[in-house]
Amino acid sequence: MNAPALVVLGNGLVARDGSYRISRACRALVAEAARVARALEPPVVVFTGWSPEGGPSEAEQMHALWRERSGEVVLEETASTTAENAARTLPLLLERGVREAVVICAPLHLFRARWIFHHVYGAHGVAVRFRVARVVPTPGAVAWELGALTVLGRQLRAAEAEVERA
């Protein structure tokens, strides 16, 4: 395959009605993925993200917004962390012969996502690039990313171990 696959990282929150929904930022990720898909015509588009409550997953909700026709759409509906996104999408790409991916993420998430995906994908011969969506950071997102840095090493080791077991 010549064109890279797209991997779109989910993000959600509990809505006022108690349901789990993708965030406004996540909707922007889907829109950015659509722009990239029109330019690159990817063979595979992977939406990744879970639901903590058994309702529609982040992946399923992103797919519901998807209007593009290019590529096979694959849903990975179990990942609840960025490290799990990397570990659980890698086998989906490898079984389809994909050797390059473009990961779509928010600007604040770029540092952590880049670190994780380069380690997990790179160790298995999948080149990875990143595309950030136009998302204005919220104070909550800043706090989340700062907190997530404290568990980055542990999550990366867990992701690498998960890939090795698979």
| request: Is it possible for you to say whether Val14 and Trp50 belong to one hydrophobic cluster, with membership spreading through side-chain heavy-atom contacts below 4.5 Å? | output: yes
| message | Show the nearest heavy-atom pair for residues Pro56 and Ser51, with the distance to one decimal. | response | O-CB, 3.5 Å
| message | Please report the interatomic distance CG(Leu94) to NE2(His124), rounded to the nearest 0.5 Å. | response | 7.5 Å
| Rounded distance [0.5 Å steps], CG in Leu65 versus NE2 in His63 | 10.0 Å
| Is there a donor-acceptor pair closer than 3.5 Å between any side-chain N or O of Glu58 and the backbone N or O of Gly12? | yes
| said: According to a hydrophobic-cluster definition based on side-chain heavy atoms being under 4.5 Å apart (Ile, Leu, Val, Met, Phe, Trp, Tyr only), do Val74 and Val7 belong together? | reply: yes
| query | Looking only at atom types and distance, does a side-chain atom of Arg21 sit under 3.5 Å from a main-chain N or O of Gly18, one as donor and one as acceptor? | reply | no
| Minimum-distance pair of heavy atoms, taken over all atoms of Gly49 and Asn85 | N-ND2, 4.2 Å
| said: In terms of relative ring orientation, are Trp115 and His119 parallel, tilted or perpendicular, with 30° and 60° separating the classes? | reply: tilted
| Spacing of CG belonging to Leu40 relative to CZ belonging to Arg131, to within rounding of 0.5 Å | 7.5 Å
| Shared ILVMFWY cluster between Val128 and Val8, side chains joined below 4.5 angstrom? | no
| task | Grab the two heavy atoms, one from Cys105 and one from Ala113, that are nearest each other, plus how far apart they are. | result | SG-CB, 4.4 Å
| Do the side chain of Ser19 and the main chain of Ala15 share a donor and acceptor less than 3.5 angstrom apart? | no
| request: Starting at CD of Glu84, measure out to CD1 of Ile116 and round the result to the nearest 0.5 Å. | output: 10.5 Å
| message | Membership question, hydrophobic clusters at under 4.5 Å side-chain separation (ILVMFWY): are Val44 and Val30 in the same one? | response | no
| Within a reach of under 6.0 Å around CZ of Arg38, are more than 12 heavy atoms found that belong to other residues, nucleotides or ligands? | yes
| task | Applying side chain to side chain contact (heavy atoms under 4.5 Å, CB included) between Met62 and each of Asn11, Leu9, Ile22, report the one that passes. | result | Ile22
| query | Is the number of heavy atoms from other residues, nucleotides or ligands under 6.0 Å of Glu41 CD greater than 12? | reply | no
| note | All heavy atoms of Val46 vs all of Leu92, minimum pair found to be CG1-CD1, 4.3 Å
| Nearest-0.5 Å distance, CD of residue Glu160 to CG of residue Leu90 | 11.0 Å
| Same hydrophobic cluster for Val102 and Val98, using side-chain heavy-atom links shorter than 4.5 Å among ILVMFWY? | no
| field | Derivation and outcome, ring-ring contact (aromatic ring centres under 6.0 Å, His included), residues His118 and Phe130 | value | CA-CA 10 Å; His118 276 299; Phe130 292 82; 5.7 Å; yes
| query | Do the non-hydrogen side-chain atoms of Arg88 and Val163 ever get within less than 4.5 Å of each other? | reply | no
| task | To the nearest 0.5 Å, tell me how far Arg129 CZ sits from Leu6 CG. | result | 9.5 Å
| message | Over 60° means perpendicular and under 30° means parallel, so tell me whether Trp66 and Phe47 are parallel, tilted or perpendicular. | response | perpendicular
| field | Glu32/Arg35 salt bridge by N-O under 4.0 Å criterion | value | yes
| note | Heavy-atom nearest pair, Val126 first then Ala101, reads CG1-N, 4.3 Å
| field | Shortest non-hydrogen contact from Ala83 toward Ala159 | value | O-CB, 3.4 Å
